[in-house]
Amino acid sequence: AQSVAQPEDQVNVAEGNPLTVKCTYSVSGNPYLFWYVQYPNRGLQFLLKYITGDNLVKGSYGFEAEFNKSQTSFHLKKPSALVSDSALYFCAVRAPSGNTPLVFGKGTRLSVIA
Amino acid sequence: NAGVTQTPKFRILKIGQSMTLQCTQDMNHNYMYWYRQDPGMGLKLIYYSVGAGITDKGEVPNGYNVSRSTTEDFPLRLELAAPSQTSVYFCASSPPGRGGGTEAFFGQGTRLTVV
């Protein structure tokens, strides 16, 4: 069965600094990996995904993520954080066999301080 | 575009009461899902459906039931509400894709409190 680990409950970063939110996964075969963001009292919004191809994936709002197969990681990054990036971030994985449901990590709360 | 619509947004239930959380999508997606979100626990899959007439259990199905009579609607039924079902419930849908590389679209959530 597939699983996702987000080792940090909270990440704090100063505005303008680069940010990284970590994610590692476990799945049989080549994974499909996703990042979602949740703002307070809202549903989840899709940020980006890795399906195949280039290991560096670019997404919405200036975010990007790097797929590393040997480390089974899919860390979310942004070169320069904004206060408005403060939110809850979820990593998710789907097994390659058919359209199985997404399995989510526990989430990481990002706080960007002005 | 409405996307995925959930009703109600908030609800307070007494122990033992029943209710149905409604979910409808207008994107003609085959796949639909119900998740619950508890603080610090991420999202747990309750039930999912790969098309009308087909449903399957997720990780935490106990105490819930679903039906999928149309492509658009995927209601979640709580028969005997318990305090452990206090949570935020999210409905999501996704189109079929090659091997599952399509993202899911989420509703705004239903915040349920059982007292």
Side-chain angles (χ1 to χ4, degrees), chain A residues 1-10 21 23 25 27-53 57 59-60 63 65 67 74 87-109, chain B residues 2-7 9-10 21 23 25 27 29-51 54-61 66 74 88-112:
Chain A
Q2 58 265 34
S3 65
V4 170
Q6 293 182 244
E8 303 153 317
D9 292 333
Q10 173 98 25
V21 182
C23 171
Y25 66 90
V27 70
S28 297
N30 294 320
Y32 297 121
L33 295 158
F34 303 79
W35 276 102
Y36 283 81
V37 60
Q38 184 182 33
Y39 297 101
N41 300 315
R42 302 295 298 273
L44 276 70
Q45 297 178 31
F46 168 75
L47 276 179
L48 51 80
K49 66 182 178 183
Y50 171 81
I51 306 300
T52 187
V57 179
S60 306
F63 284 93
F67 171 66
F74 189 55
L88 188 57
Y89 290 81
F90 289 97
C91 182
V93 67
R94 177 184 274 147
S97 55
N99 205 333
T100 55
L102 288 169
V103 173
F104 285 85
K106 292 185 177 182
T108 298
R109 187 165 300 282
Chain B
V4 179
T5 302
Q6 293 183 235
T7 56
K9 288 186 169 54
F10 304 94
L21 282 67
C23 175
Q25 52 92 8
M27 298 174 282
H29 288 171
N30 292 49
Y31 301 89
M32 296 188 73
Y33 318 89
W34 275 105
Y35 291 89
R36 58 176 286 173
Q37 182 182 23
D38 300 307
M41 300 299 292
L43 279 77
K44 301 288 187 184
L45 182 68
I46 305 171
Y47 271 95
Y48 67 102
S49 169
V50 300
I54 305 169
T55 62
D56 211 342
K57 295 178 180 179
E59 185 180 358
V60 289
V66 293
F74 190 41
V88 181
Y89 292 83
F90 288 102
C91 180
S93 71
S94 66
R98 285 184 301 169
T102 55
E103 62 269 26
F105 296 80
F106 282 78
Q108 296 295 296
T110 295
R111 186 175 296 275
L112 175 67

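The basis for the numbers below is simple: all heavy atoms, side chains too, and nothing from hydrogens, waters or symmetry mates. By convention in this document, chain letters (A, B, ...) are assigned in the order of the sequence lines, proteins followed by strands, and residues within each chain are numbered from 1.
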Exercise. So with a 6.0 Å cut-off around NZ of A:K106, is the heavy-atom count from everything else above 12?
Worked result: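 Counting neighbours around NZ of A:K106, 12 or fewer heavy atoms of other residues, nucleotides or ligands fall under 6.0 Å, so no.
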Exercise. Centroid-to-centroid, B:F90 to A:F104, below 6.0 Å?
Worked result: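 No, too far apart.
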For this session: Examine whether an atom of B:Q37 lies under 4.5 Å from a heavy atom of chain A, and if so say whether it belongs to the side chain, the backbone or both; otherwise answer neither.
Result: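 Interface part for B:Q37: side chain.
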Problem set entry | chain A contact via B:L43 - side chain, backbone, both or neither, heavy atoms under 4.5 Å |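 It is both, since atoms from each part get that close.
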Under 4.5 Å from any heavy atom of chain B, what part of [X] do you find: side chain, backbone, both or neither?
X     : result
A:L33 : neither
A:Q6  : neither
A:Y50 : neither

Problem set entry | Test log, rule ring-ring contact (aromatic ring centres under 6.0 Å, His included), inputs A:F63 and A:Y89 | CA-CA 12 Å; A:F63 284 93; A:Y89 290 81; 5.6 Å; yes
Problem set entry | Of B:Y31, B:W34, B:Y35, the residue whose pairing with A:P101 passes side-chain contact (heavy atoms from CB on, under 4.5 Å) |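 Passing option: B:Y35.
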Problem set entry | side chain to side chain donor-acceptor pair (under 3.5 Å) evaluation trace for A:T108 with A:E8 | CA-CA 6 Å; A:T108 298; A:E8 303 153 317; 5.2 Å; no
